[in-house]
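Everything below concerns the one structure shown next.
From a predicted model like this one, the values you see are computed outputs, not experimental measurements. Starting from 1, each residue takes its place in the sequence as its number.
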Amino acid sequence: MKTRNLAYPAAYLILEKDGKILVARRCNTGYQDGMYFVPAGHIELAELPTEAVIREAKEEIGIDIDAKDIEQAYVQYRPKHNDTGDRIDFFFKVKKWSGEIVNMEVDKCDDVKWVLPSEIPSNFSYHVKKAIDGMNEGKTYEEIGVEELKREGLYML
């Protein structure tokens, strides 16, 4: 019997306002510290992707999102690149929320700001940038292979 793939799912929030997206710089996490991301996190057991993005928005930036305001925008698949498993990333766009954006995880994030998609910082997570670029090109899905991860210095096995 073959071993089944145990891919790890994650939910990403593309928060949009006035043509800009919200980005945050990671710190003290042990994973891509110093790099900008969008609010995101792993999908927990028995949690749906939209539930995860709602939870992460509250935990990371203190806002409330209604499920009806979430637009599924992109899916990305990445193979195992370190000692964890393959990744399935769900990207959601949101233009409406309640509450004020506040960095709720100052121990894991040292900067939160709005940027134009064309002005994303150079120290931005590779796979998240690829997803944003793909969305801007009208795509909804992509796969990032091992060879691409190796070329980018992101393959650690």
Quick one: are I120 and I21 in side-chain contact, heavy atoms under 4.5 Å? yes

Looking at D89 and R78, does any basic side-chain N land under 4.0 Å from a carboxylate oxygen? yes

Closest contact, heavy atoms only, F92 versus A11: CE1-CB, 4.2 Å

Y155 and V146: side-chain contact (heavy atoms from CB on, under 4.5 Å), yes or no, with the steps? CA-CA 7 Å; Y155 191 76; V146 170; 3.7 Å; yes

Distance flag, aromatic centroids of Y12 and H127, threshold under 6.0 Å: yes

Do you reckon I54 sits in the same ILVMFWY cluster as F37, going by side-chain contacts under 4.5 Å, direct or chained? no

Euclidean distance, Y74 OH relative to D133 CG, rounded to 0.5 Å: 8.5 Å

Tightest non-hydrogen contact, residues N136 and P117, listed as ND2-CB, 3.8 Å

Here's a test for you: under salt bridge (charged side-chain N to carboxylate O under 4.0 Å, His left out), which of E143, E142, E137 qualifies with K139? E137

Going only through I, L, V, M, F, W and Y residues with side-chain contacts under 4.5 Å, is there a path from M35 to I132? yes

What do the steps show when you test I61 against L13 for side-chain contact (heavy atoms from CB on, under 4.5 Å), and what is the final call? CA-CA 11 Å; I61 54 174; L13 173 61; 4.2 Å; yes

Closer than 3.5 angstrom, by distance alone: can the side chain of D86 be matched with the main-chain N or O of N5 as a donor-acceptor pair? no

Non-hydrogen side-chain atoms of E148 and Y126 separated by less than 4.5 Å: yes

Ignoring hydrogens and geometry, is there a side-chain-to-backbone donor-acceptor pair from R26 to Y31 under 3.5 Å? yes

Do the side chains of V38 and V128 get nearer than 4.5 Å, heavy atoms only? yes

Side chains of S98 and I63: closer than 4.5 Å at any heavy-atom pair? no

Rounded to the nearest 0.5 angstrom, the OG1-NZ distance for T50 and K68 is 13.5 Å

State the OG1-CD distance between T29 and E105, to the nearest 0.5 angstrom. 10.5 Å

For G62 and M104, which heavy atoms make the closest approach, and how far apart are they? N-CG, 3.3 Å

Please round to the nearest 0.5 Å and tell me the distance separating atom CD of Q32 and atom CZ of R25. 14.0 Å

May I ask you to test the L15-P39 pair for a side-chain heavy-atom distance under 4.5 Å? no

Is K129 positioned over the aromatic face of F124, cation under 6.0 angstrom from the ring centre and no more than 45 degrees off axis? no

CH2 of W97 to CG of D66, rounded to nearest 0.5 Å, is 14.0 Å

Hey, is NZ on K130 packed in by over 12 heavy atoms from elsewhere, all under 6.0 Å? yes

Evaluate Q76 against Y141 for side-chain contact (heavy atoms from CB on, under 4.5 Å), listing each step before the verdict. CA-CA 6 Å; Q76 188 179 73; Y141 176 77; over 6 Å; no

Heavy-atom check, side chain of I14 versus side chain of V94, under 4.5 Å: no

Please determine if K93 and E71 form a salt bridge, counting it only when a charged side-chain N lies under 4.0 Å from a carboxylate O. no

Report yes if some heavy atom in the side chain of I65 is under 4.5 Å from a heavy atom in the side chain of V53; otherwise report no. no

Hey, quick one: are F91 and V75 part of the same hydrophobic cluster, counting side-chain heavy atoms closer than 4.5 Å, chains of contacts allowed? no

Looking only at heavy atoms, the pair that brings A40 and E60 closest together is O-OE2, 2.5 Å

Surrounding OH of Y77 (heavy atoms of other residues, nucleotides or ligands, distance under 6.0 Å), is the total greater than 12? yes

N123 side-chain N/O to G34 backbone N/O, donor-acceptor pair under 3.5 Å: yes

Heavy-atom closest contact (G85 atom, Y8 atom, distance): N-CE1, 3.2 Å

When rounded to the nearest 0.5 Å, the distance separating CG of D111 from CG of N103 is 8.5 Å

Result for side chain to side chain donor-acceptor pair (under 3.5 Å) between H42 and one of E47, R87, E56 points to R87

Just by modelled atom types, is the C27 backbone N or O under 3.5 Å from a matching donor or acceptor in the D110 side chain? no

Side chains of S125 and Y36: closer than 4.5 Å at any heavy-atom pair? no

Stepwise side-chain contact (heavy atoms from CB on, under 4.5 Å) check, K20 with V115: CA-CA 5 Å; K20 295 181 178 181; V115 299; 5.9 Å; no

State whether R55 and E59 are salt-bridged, where the test is any N-O pair (Lys NZ or Arg NE/NH1/NH2 against Asp/Glu carboxylate O) under 4.0 Å. yes

Nearest heavy-atom approach of G30 to D33 is N-OD2, 2.9 Å

